[in-house]
Amino acid sequence: VQLQASGGGLVQPGGSLRLSCAASGFTFDDYAIGWFRQAPGKEREGVSCISSKAGSERYADFVKGRFTISRDTAKNTVYLEMNSLEPEDTAVYYCVTGPTFGYYRGSFVYGNNDAWGRGTQVTVSS
């Protein structure tokens with residue numbers, strides 16, 4: 001399984017970015033797929049996920065109404081549209097998928113058998 005994230009960069013507060021994660025090496029629709037992020041000095045935290053076959057979307061409270069996740073099966077790609085970005089959104093964003101990853105009882109969960117991309121840096125600063 002390979003996950004290649006892209007689309008990060010430097011943006012001013014209030015701006016927008018769209019992250020992409022191209023997946024290969026497995027049947028794209030088999031698993032949920034989504035995003036975590038990690039800011040300097042902080043723990044990794046779940047941002048959003050979308051179920052297999054795009055049945056449902058989940059978001060962390062701190063991005064609800066600002067971020068939108070989607071998946072394109074034809075391109076084996078998941079997207080994260082990020083609007084109204086804040087300095088607190090500054091982090092490395094990681095794409096993740098696998099048999100354990102998902103949203104369960106209010107939390108994003110993952111396991112040892114899940115695959116992670118290398119991450120893309122998002123910096124929100126004036």
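Side-chain atoms are counted along with the backbone in the values below, which use heavy atoms only and exclude waters and symmetry mates.
The shortest non-hydrogen separation linking G102 to C49 is C-SG, 4.2 Å. Between V1 and T97, the closest heavy-atom pair is CG1-CG2, 4.4 Å.
F36 and Y59 fall into different hydrophobic clusters, where Ile, Leu, Val, Met, Phe, Trp and Tyr side chains are chained together by heavy-atom contacts under 4.5 Å. Hydrophobic clustering (side-chain heavy atoms under 4.5 Å, transitive across Ile, Leu, Val, Met, Phe, Trp, Tyr) keeps Y110 apart from F26.
Side-chain atoms of Y93 and V47, non-hydrogen and from C-beta on, do get closer than 4.5 Å to each other. Annotation: side chain of C95 is in contact with side chain of W35 (closest heavy-atom distance under 4.5 Å). P99 has its side chain within reach of Y31: a pair of non-hydrogen atoms, C-beta onward, lies under 4.5 Å apart. A heavy-atom distance below 4.5 Å is found between the side chains of I50 and V78. Taking 4.5 Å as the limit, some side-chain heavy atom of V122 sits within range of a side-chain heavy atom of M82.
Considering CD1 of I69 and CG of L80, their distance stands at 6.0 Å, rounded to 0.5 Å. How far CD of E81 is from OG of S70: 8.0 Å, rounded to the nearest 0.5 Å. Atom CZ of R118 and atom CD of Q2 lie 11.0 Å apart (nearest 0.5 Å).
Applying the ring pair (Phe, Tyr, Trp, His ring centres under 6.0 Å) rule to pairs touching residues 61-87 yields nothing, sequence neighbours excluded. Sequence neighbours left out, not one pair with a member in residues 59-91 passes disulfide (SG to SG under 2.5 Å).
The side-chain contact (heavy atoms from CB on, under 4.5 Å) test applied to K42 returns A39, not counting sequence neighbours. In this structure Q38 satisfies the side chain to side chain donor-acceptor pair (under 3.5 Å) test with no other residue, sequence neighbours excluded. Among residues two or more places apart in sequence or in another chain, the side chain to side chain donor-acceptor pair (under 3.5 Å) test is passed with T123 by Q121. Legend: residues meeting side chain to side chain donor-acceptor pair (under 3.5 Å) with R66, ordered by chain and number and at least two apart, are D89. For the side chain to side chain donor-acceptor pair (under 3.5 Å) test, no residue two or more places apart in sequence or in another chain qualifies with N113. Legend: residues meeting side-chain contact (heavy atoms from CB on, under 4.5 Å) with N76, ordered by chain and number and at least two apart, are F28. Residues satisfying the salt bridge (charged side-chain N to carboxylate O under 4.0 Å, His left out) test with E45, not counting sequence neighbours, are R37. The ring-ring contact (aromatic ring centres under 6.0 Å, His included) search around F108 returns Y103, not counting sequence neighbours. For F101, there are no ring-ring contact (aromatic ring centres under 6.0 Å, His included) partners at least two apart in sequence or on another chain.
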Side-chain donor-acceptor pairs of residues 3-24 under 3.5 Å, sequence neighbours excluded:
from	atom 1	to	atom 2	distance (Å)
S16	OG	N83	OD1	2.8

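For the pair R44 and Y94, the cation-pi criterion (under 6.0 Å, within 45° of the ring axis) is fulfilled.
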* Asked: Does the pair D29 and T73 meet the rule for a side chain to side chain donor-acceptor pair (under 3.5 Å), with working shown?
  -> CA-CA 7 Å; D29 279 345; T73 299; 3.0 Å; yes
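A donor-acceptor contact shorter than 3.5 Å links the side chain of T90 to the backbone of P87. S51 places no side-chain N or O within donor-acceptor distance of the main-chain N or O of A32, the cut-off being under 3.5 Å. No side-chain donor-acceptor contact under 3.5 Å links T77 to the backbone of D72.
In this structure, E86 places its CD atom where more than 12 heavy-atom neighbours from other residues, nucleotides or ligands lie under 6.0 Å away.
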